[in-house]
Amino acid sequence: MASTFDDVTAANDTAPQARADMSKFPDPNFRNTPITPDRYFSKAFADKEWEKIWTKTWQIGGVIAQVAKKGDYLTANLGTETIVCVRGDDGKVRAFYNVCQHRGMPVVTGEQGNAPRLVCPYHGWAYDLKGTLKSVPDEPDFVQGSPCGKLNLVEIRCEVWAGFVWFNMDTECKPLREFLGPIADQIDTYPMDKMVRTHWVTIEADFNWKLIQDNFNESYHVPFVHPQTKYVMEYSYNFCQFDLYPEGHARMFMPGAGPTKMLRGGEDETLRMMAEELKFWGLDADDYRGGKTGEIRAALQKAKREKGAEKGFDFSTYHDDQLTDHWHFTIFPNLSFSLKPDGNIWLRARPHETDPERCYFDMWYMTLFPEGTDRYYSQSMAEWVDVSVPAPHVVGKVNEVSMGPGIDQDVSIWGAQQRGLHSRGYKRDYLAWQERRVRYFHENIERWIAAD
């Protein structure tokens, strides 16, 4: 069976990678329609989201390392669907609805594996790695004619980019890079395909998925939910940059490697929290005592630029700001890439199959290990990680499993907020200008739902 879709790797040209465009993108005009609480618990609204958004936007199935060899497959759950992505005999990665054409049984079970054929565990219908039905038990008994070669797995769009396997259930969708717009080139300046998943956590949560994306579309909450960050991060909107793109995605630049300019005191905390990173780059934390913590960012950028190659990093595509700062991308509708010089806090919200007041929240930490290094201290996760130890998939409910100290703080908020949204005393939002990415996110939801 010839593939319905060409396997696509949304890759860079062979030309040297240009550095990211950091210029401020003009803000769009906003409609300022109310973000009413019912969209966080209405089943009718959730059904519209499923039909108009989830089945038509590009989603990530897994990391490319999961399908490195012929016959490797992974499965991805999204709402009521499970998608199977598999690398074929020809080296192409394809995506299919994970359902046998006989009587609706999932063909593949488990999160990942390897098989020469995809064989339904119920009645043994066997599909090759291109999705073609090759054999069925008792084939002559099908008086209406053999199903082989006719009832094949249903293929959907699949692309590989940034070290991830992407899929889209809309067979008429735009190519991935066109869907992503300018942020694709910006993200390409990071060596995404060299990052290794060192953390893999999923929480089944008691709140609507949009609360997650709202949260990561603003930093207004940071000093209150993440008070420890004031020692090592600039959270004030006065010193950050926000960009909103026509494709529905957004970008934030947040300076790192030093305290917020709003902080008074806290020198010991800043130096303690940054000690491991400073030591790795040959800097002495004590040199920044006496009111000099504001100098760390520039010093660390200089050290990384000078010593990056000898430490095993290629920073040639980075601006100096990328050597210390947090470049945070929210990709419509449900992804967040919080990019660091040596990794990515990868965050994803997924809708529950039936209940709009529940969802799934995934966190992967993608670590960029220095060349030739097996162990590395992850500043973002505040722990040592090992490239040779595959990340186990940790699954649980809120308060049962940890996503790391920072994300756990976010998670602790949303259950109470979901309950608050039901109050008769709350009617709609009242947003600050610095929260305009939240407004834009919801206006894009409205736009997609209204589309033909």
List the atom of [X], the atom of [Y], and the distance in Å for their closest heavy-atom pair.
X	Y	result
Gly404	Met381	CA-CE, 4.3 Å
Ala95	Ile83	CB-CG2, 4.0 Å
Trp50	Leu78	CH2-O, 3.2 Å
Tyr318	Pro191	OH-CD, 3.4 Å
Phe313	Pro370	CZ-CG, 3.4 Å
Gln186	Ala20	CA-CB, 4.0 Å

Answer with yes or no whether the side chains of [Y] and [X] bring together a donor and an acceptor at under 3.5 Å.
X	Y	value
Ser338	Lys340	yes
Thr198	Thr367	yes
Asp325	His319	no
Asn334	Gln59	yes
Glu353	Thr80	no
Thr75	Asn98	no
Thr202	Asp362	yes
Gln322	Thr189	yes

Any salt bridge (Lys or Arg N to Asp or Glu O under 4.0 Å) involving [range]? Give me the pairs, sequence neighbours left out, ordered by first then second residue.
range	value
residues 377-403	Glu204-Lys397
residues 209-228	Glu49-Lys210
residues 315-324	Arg297-Asp321, Arg305-Asp320

Any [X] side-chain heavy atom under 4.5 Å of [Y] side chain:
X	Y	result
Glu139	Cys148	yes
Phe45	Ile445	yes
Gln409	Pro227	yes
Trp161	Ile187	yes
Phe361	Val201	no
Asn152	Phe96	no
Asn168	Phe179	no

Side chain to side chain donor-acceptor pair (under 3.5 Å) evaluation trace for Asn208 with His352: CA-CA 8 Å; Asn208 182 267; His352 190 268; over 6 Å; no
Test ring-ring contact (aromatic ring centres under 6.0 Å, His included) applied to Phe337 and Phe329, Tyr190, Trp327, Phe164, the passing residue: Phe164
Any residue meeting ring pair (Phe, Tyr, Trp, His ring centres under 6.0 Å) with Phe441, in chain and number order, not counting sequence neighbours: Trp209
Mutual orientation of the aromatic rings belonging to Phe216 and Trp414 [parallel < 30°, tilted 30-60°, perpendicular > 60°]: perpendicular
Mutual orientation of the aromatic rings belonging to Tyr127 and Trp125 [parallel < 30°, tilted 30-60°, perpendicular > 60°]: tilted
Answer yes or no: are there more than 12 heavy-atom neighbours, outside [X] itself, under 6.0 Å from its atom [atom1]?
X	atom1	value
Lys69	NZ	no
Tyr237	OH	no
Asn399	CG	no
Asn29	CG	no
Met22	CE	yes
Phe30	CZ	yes
Asn238	CG	yes

CG-OG1 distance between Leu118 and Thr132, expressed to the nearest 0.5 angstrom: 10.5 Å
Would the distance check show the side chain of [X] and the main-chain N or O of [Y] forming a donor-acceptor pair, the cut-off being under 3.5 Å?
X	Y	result
Arg94	Val84	no
Asp429	Ile35	yes
Tyr440	Tyr245	yes
Arg157	Leu176	no

Check: Tyr40 ring centroid to Phe207 ring centroid under 6.0 Å: no
Pairing residues for Asp47 by the salt bridge (Lys or Arg N to Asp or Glu O under 4.0 Å) criterion, not counting sequence neighbours: Lys43
Qualifying residue, where the test is side chain to side chain contact (heavy atoms under 4.5 Å, CB included) with Thr330 and the options are Met252, Gln213, His249: Gln213
Salt-bridge criterion met for Lys174 and Asp170 (N-O under 4.0 Å): no
Arg31/Glu446 ion pair, N-O < 4.0 Å: yes
Mind listing the side-chain donor-acceptor pairs of residues 105-115 below 3.5 Å, one per line with the distance, residues two or more places apart or on another chain?
residue : atom : partner : partner atom : Å
Glu111  : OE1  : His393  : ND1          : 3.3
Glu111  : OE2  : His393  : ND1          : 2.4
Gln112  : OE1  : Gln66   : NE2          : 2.5
Asn114  : ND2  : Lys70   : O            : 2.9
Asn114  : ND2  : Asp72   : OD1          : 2.7

